[in-house]
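In the text below, chain A, chain B and the rest are named by the order of the sequence lines, each starting its count at 1.
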Amino acid sequence: MQVPAPFEYERATSVDHAIALLERLGSEARLVAGGHSLLPMMKLRFATPEYLIDINDLHDELGYIRVEGDEFRIGAMTRHRELLESDELAAAFPIFRDAEKVIADPVVRNRGTLGGSLCQADPAEDLSAVCTTLDASCVIRSSDGERVLTMHEFHRGPYETAVEDAQMLTEIRIPIRPNGSSAYEKVERRAGDWAIVSAGAAVWMDGETISDARVGLAAVGPNTTGIGAISEALRGQVPTEELYATAGGLAAEASRPSADSRGTEAYKRHLADELTRRALRRSVARITGTNGQEA
Amino acid sequence: MQVTMTVNGEEVTKEIEGRLLLVHFIRDHLGLTGTHWGCDTSNCGTCVVLMDDEPVKSCTVLAAMAGGRQVRTVEGLEVDGVLDPVQEGFMQCHGLQCGFCTPGMMLTARALLDDNPDPTEHEIREAISGQICRCTGYSTIVRSVQWAANAESESPVTVGGAS
Ligand code: FES
Ligand code: FES
């Protein structure tokens, strides 16, 4: 039987209350949202907080998906199920629905949250790759106010984020840009598993040419890697199979996978290449209205 | 610490440790052993119960987190001696063999039908995709849920429905 080490349970009733509790309880306190990353870690005693602050009652305050000005704002307590079911989000960023369909299973998706996924900062975590691909920013709140970080600044390393003691991730912001689309491709050993490798792509077009593109990978290295070289290679180009192959090659090169029971390094590099091509192809097809099958 | 929640319509209050998992609270503190406990790692789904009408894996929820919420276990499916149509369906269509996965399967099915009274086969398979059955090959489970959906559409008045 796996049982967490003892801790004191507290329940927060608002964001301000959660931050006040974090301030009072110090560095041995952790927030728990859906609990589907943290509780398994606690059961294995990889995480042994002395205080656990339950923020599920903050769903009313932090569970939302809305458009404000030229960005989507998504509350950190928004659950996977809500991300999956939001038609508004799927219309603007189809990558979210692509990814959510293959994150865990429906029962787990009833609990897990966007904020929890990002704060877990697992290098194989899908929503981190999605947010990196979309150039999202993260709002971190403390009693001193808010700061807004890029995904790159937010993820300091595996399982490590810029959220310090007495701070809390409250919102994700995603810029809306015209003439764009996105897609997510994942290969897993069995339905709902962690990715062997996954790749997200977002593409913006100006007529026939790609005006900008971003690719984010998961499970191929210490961080969910946004690969700048791919953006450079794609900008100003007309999308072709050769171009996707170039991007795939860059993705494989940038990957730093480790061999494990899910596959060898070479296999994972191959996947990084192939999934990058597929995600780009599908993003472009979604903009141009073609079918996105390999030519 | 003290926790109070509603289980199958009855309010219960118990003194517990903060680290107690909901599945053990239900089985060991309330004696409701119909909720099964398998993988302990949120993979198998045999521990599924409904919390505020949504299926959750009770091995990955703290009892404390269920405080103030409505929990429904397999024991709460039968109402006033009348089986839930989902239970009836599992009986009619051989939706179980060893029965280990069955409580979780039935609760997920109940939540699905409350949300979507006429699911397609694909929707049923998707709904139970976080739950493992080592016996049936799933076909009879799918048929059982379809049986329940049909029964409910024919006589909606007698349905226990959402709690
Ligand atoms: S015991 Fe909870 S999912 Fe297996
Ligand atoms: S009936 Fe035996 S595991 Fe499903």
Given heavy-atom pairs under 4.5 angstrom as the criterion, report whether the side chain, backbone, both or neither of B:Ala127 touches chain A. backbone
Given a strict heavy-atom distance threshold of 4.5 Å, which part of B:Val56 is in contact with chain A: side chain, backbone, both, or neither? both
Minimum heavy-atom distance between [X] and [Y], given as atom pair plus value:
X        : Y        : value
B:Gly130 : A:Pro106 : N-CD, 4.3 Å
B:Ser42  : A:His36  : CB-CD2, 4.3 Å
A:Gln2   : B:Asp40  : N-OD2, 2.9 Å
A:Tyr9   : B:Met65  : OH-CA, 3.7 Å
B:Leu62  : A:Leu52  : CD1-CD2, 3.6 Å

Applying salt bridge (Lys or Arg N to Asp or Glu O under 4.0 Å) to A:Arg109 and B:Glu126, what does each step give before you reach the verdict? CA-CA 12 Å; A:Arg109 291 197 296 259; B:Glu126 171 68 21; 3.0 Å; yes
Go through the steps for B:Lys57 and A:Asp105 under the test side chain to side chain contact (heavy atoms under 4.5 Å, CB included), then give the verdict. CA-CA 11 Å; B:Lys57 293 182 174 175; A:Asp105 62 65; 2.7 Å; yes
With a sphere of 6.0 Å drawn around CD of A:Glu164, does it hold more than 12 non-hydrogen atoms of other residues, nucleotides or ligands? yes
For the CZ atom on B:Arg134, are there more than 12 heavy atoms of other groups (residues, nucleotides or ligands in this structure) within a distance under 6.0 Å? no
Flag, side chain of A:Asn110 to backbone of B:Pro55, donor-acceptor distance under 3.5 Å: yes
Between B:Arg19 and A:Met42 (side chain of the first, backbone of the second, donor and acceptor by atom type, cut-off under 3.5 Å), is there such a pair? no
Would you say that [X] contacts [Y] through its side chain, given a criterion of any heavy-atom pair below 4.5 Å between the two side chains?
X       : Y       : value
B:Glu54 : A:Arg81 : yes
A:Pro40 : B:Thr60 : yes
B:Glu17 : A:Val3  : no

Is there a side chain to side chain contact (heavy atoms under 4.5 Å, CB included) between A:Glu8 and B:Met1? Walk through the geometry before answering. CA-CA 9 Å; A:Glu8 294 280 328; B:Met1 63 172 289; over 6 Å; no
Nearest 0.5 angstrom please: A:Met1 CE to B:Leu21 CG, how far? 8.5 Å
Working for side chain to side chain contact (heavy atoms under 4.5 Å, CB included), residues B:Met51 and A:Arg111: CA-CA 10 Å; B:Met51 190 160 87; A:Arg111 295 293 295 163; 3.3 Å; yes
Enumerate by number any residue of residues 19-35 of chain A whose heavy atoms lie under 4.5 Å from heavy atoms of chain B; in the absence of such residues, state 'none'. A:Val32, A:Ala33, A:Gly34, A:Gly35
Check whether A:Ala104 gets within reach of chain B through its side chain, its backbone, both or neither, counting any heavy atom under 4.5 Å. neither
